[in-house]
Amino acid sequence: MTWNLASRFEADEFQLKRGLAEMLRGGVIMDVTDAGQARIAEAAGAVAVMALERIPADIRRDGGVARMSDPALIQSIQAAVSIPVMAKCRIGHFAEAQILQALAVDFIDESEVLTPADEEHHIHKWDFAIPFVCGATDLGEALRRIGEGAAMIRTKGEAGSGNIVEAVRHLRRIHTQMRELTRLEPGQLMSAAKQLGAPYELVCYVAEQGALPVPNFSAGGVATPADAALVRQLGAEAVFVGSGIFRSEDPAARAAAIVRATTHFEDPAVLAEVSHGLKGAMPGLELGGLPDEQRLAKRGW
Amino acid sequence: MTPDPIGILALQGNVQAHARMLAQLGRSARPVYRPADLDGLAGLILPGGESTTLSQLLRRDGLDRAIADFADHHPVLGTCAGLILMCTRTNDARVNPLGLLTAEVDRNHYGRQRESFIASLEGSHFPGMRAAFIRAPAVRARAPLEVLATHAGLPVALRQGRHVGCAFHPELGRDARVHEYWLGLA
């Protein structure tokens, strides 16, 4: 156990974890619930798939406790595609994470979409050889997760809602907070670390670089090619799409359109072309009336 | 006179790391999204990413043919997924390679992310370089390919004419030898 975060970041193991996250830049990671969907996602150009039993919209509808997926499901998806396969464990549930590591998934998502197992602690991710992605709603939360060993950050958004408003809020907040840090003097950074509830060394890193030390992706509420282009223009380096594809009326066409929009996010002519004539998007939720206890983004700390 | 910029295929993958490496060597970089972006470039880098994704996006806009034409007169460097795209054949029907290197390639040769590793290179050109192999491919090289570096007996860096392909990620870390060597071939 070393107290020096910088040396942990430079170790081979973390270089490999962050390296895989960097290779996914500019891509779309799609939620899939069976091998058939995984093949559709891969053929549409997904850079990775997230294997899970129920998409977030159904978890939201069904209620009850949402857990790690059955290993048999994960293995059937691993056998179906050649792109990286990710899987989710509950926040703080390191035994689920150990199982996912034993299954050799390529990335573990410690996810607020599942029911949290620990209301105080997230997983100590330095203990694992497999990289982790974690959600964040602000910079302090992002840096706490990185301090615990996460190799990728994603906005939480509001999973299963088909509504991009929360992902936009989280992205803007994180980027505004990073810009503010770059304007501070060195003598102000300890106080900033206290206010953010974030490790001092990582606050210093962001103040110097103006960016997180790991890739920063967006998740939660992406339903259209325009949504993907929006979060990319707001600074997300890649896009997770959960319910937005396989809850729509023509998943294969929508998946390919979102892939192209994520690549050509700054080219409105391409965005218009790929948005043209897509069948219905997922219905979506208006979030204004959604009570706090039903908001997945409130999970984790 | 400032040399022409180097293009980096920006459809998907780790564009930033290559741009950083070029900047370290005093060269400017420009993203390539469409065939017209190849005009005025001194060379092109195909970065690491997912080869199935890249292959599909390349074909969609005719960028595959444009790059094959560009490569007749300009150097190309491919790393990991980029190397897969440069080969003549792959073990995966989902990838349509460009045929710039006379080699056959196995995707994900070493396995999943758990099997990714960093190792020191052997061979004539970049001895001792710490190289990251991330879900890396393996190559079966044939003449006229020149093997520049090996790991555990397998060729991992290859040259054919002005083109270079690496199974590892020379853009990660600070060792710029591969980029420097490739720029010297132009």
Side-chain angles (χ1 to χ4, degrees), chain A residues 10-29 39 41-49 78 81-86 100-108 128-131 151 211 215 237-239 255-256 259-260 262-267 269-270 273-274, chain B residues 8-18 20 31 33-34 37 47-61 63 79-82 84 90-95 106-108 111-120 130-137 168-169 171-174:
Chain A
E10 278 161 25
D12 282 1
E13 193 166 73
F14 194 76
Q15 295 293 319
L16 292 170
K17 292 176 177 179
R18 180 168 55 189
L20 180 60
E22 290 181 2
M23 300 313 150
L24 303 176
R25 281 173 165 158
V28 181
I29 300 145
R39 279 190 283 265
E42 185 178 55
V47 290
V49 291
Q78 286 174 317
V81 296
S82 63
I83 54 180
V85 175
M86 303 187 178
L100 294 176
Q101 175 157 286
L103 293 172
V105 303
D106 296 292
F107 236 102
I108 297 174
F128 290 79
I130 306 283
E237 297 181 83
V239 180
V259 166
R260 236 161 99 67
T262 300
T263 292
H264 299 284
F265 67 100
E266 290 180 307
D267 187 338
V270 173
E273 179 204 319
V274 302
Chain B
I8 306 175
L9 184 70
L11 298 178
Q12 191 273 314
N14 200 0
V15 178
Q16 292 92 324
H18 280 289
R20 199 165 49 233
Y33 289 99
R34 50 187 74 71
D37 295 336
E50 276 305 315
S51 54
T52 49
T53 304
L54 286 166
S55 184
Q56 182 187 323
L57 288 165
L58 277 173
R59 212 167 39 210
R60 181 66 181 69
D61 292 319
L63 200 46
T79 60
C80 197
I84 296 171
T90 77
N91 62 334
D92 191 328
R94 291 165 283 209
V95 177
D106 281 336
R107 295 184 61 213
N108 302 336
R112 302 181 186 281
Q113 174 65 8
R114 202 174 57 180
E115 280 72 55
S116 293
F117 60 95
I118 293 181
S120 292
R130 298 287 290 163
F133 293 80
I134 299 177
R135 290 171 47 90
F168 56 94
H169 291 283
E171 73 278 17
L172 299 178
R174 296 188 190 86

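Atom set for the values below is all heavy atoms of this structure, side chains included, hydrogens, waters and symmetry mates excluded. So you know, we letter chains A, B, ... as the sequences are listed, proteins then strands, and number each from 1.
With sequence neighbours left out, A/D267 forms a side-chain contact (heavy atoms from CB on, under 4.5 Å) with A/H264, A/A269, A/V270, B/R34. Residues meeting the side-chain contact (heavy atoms from CB on, under 4.5 Å) test with A/A256, sequence neighbours left out: A/A44.
Interface summary for chain B: among A/G26, A/A129, A/G45, the most heavy-atom pairs under 4.5 angstrom belong to A/G45. If you tally non-hydrogen atom pairs under 4.5 Å between each of A/Q78, A/E10, A/Q15 and chain B, the highest count goes to A/Q78. Among A/A238, A/A104, A/P215, the residue with the largest count of heavy-atom pairs under 4.5 Å with chain B is A/A104.
Of the atoms belonging to B/T52, it is side-chain heavy atoms, and not backbone ones, that fall under 4.5 Å from chain A. Contact of B/L172 with chain A is made through the side chain alone, with heavy-atom distances under 4.5 Å. In this structure, no portion of A/A21 lies under 4.5 Å from any heavy atom of chain B. Interface remark: B/E171 contributes side-chain atoms only to the contact with chain A (heavy atom separation under 4.5 Å). For A/I130, the part lying near chain B is the side chain, with the backbone staying farther off; criterion is any non-hydrogen pair under 4.5 Å. Looking at B/R112, both its backbone and its side chain come within 4.5 Å of chain A, counting heavy atoms on both sides. Looking at A/A102, only its backbone comes within 4.5 Å of chain B, counting heavy atoms on both sides.
Taking both residues in full, the closest heavy atoms of A/V81 and B/R94 are given as CA-NH1, 4.2 Å, listed atom of the first, atom of the second, then distance. Among all heavy-atom pairs drawn from B/N14 and A/E22, the shortest one is ND2-OE1, 2.7 Å.
When each of B/D61, B/L57, B/T53 is paired with A/T263, the side-chain contact (heavy atoms from CB on, under 4.5 Å) condition holds for B/L57 and for no other.
In this structure the side chain of A/L20 reaches within 4.5 angstrom of the side chain of B/R135, judged on heavy atoms. Within the 4.5 Å cutoff, no side-chain heavy atoms of A/T262 are placed close to those of B/Q12.
Between the side chain of B/R114 and the main chain of A/L103, no donor-acceptor pair closer than 3.5 Å is present. A donor-acceptor pair under 3.5 Å is formed between the side chain of B/Q113 and the backbone N or O of A/L16.
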- Message: Apply side chain to side chain contact (heavy atoms under 4.5 Å, CB included) to residues A/S82 and B/D92 and explain how you reach the verdict.
- Response: CA-CA 9 Å; A/S82 63; B/D92 191 328; 3.5 Å; yes

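Interatomic distance, A/M23 CE to B/I134 CD1, rounded to the nearest 0.5 Å: 4.5 Å.
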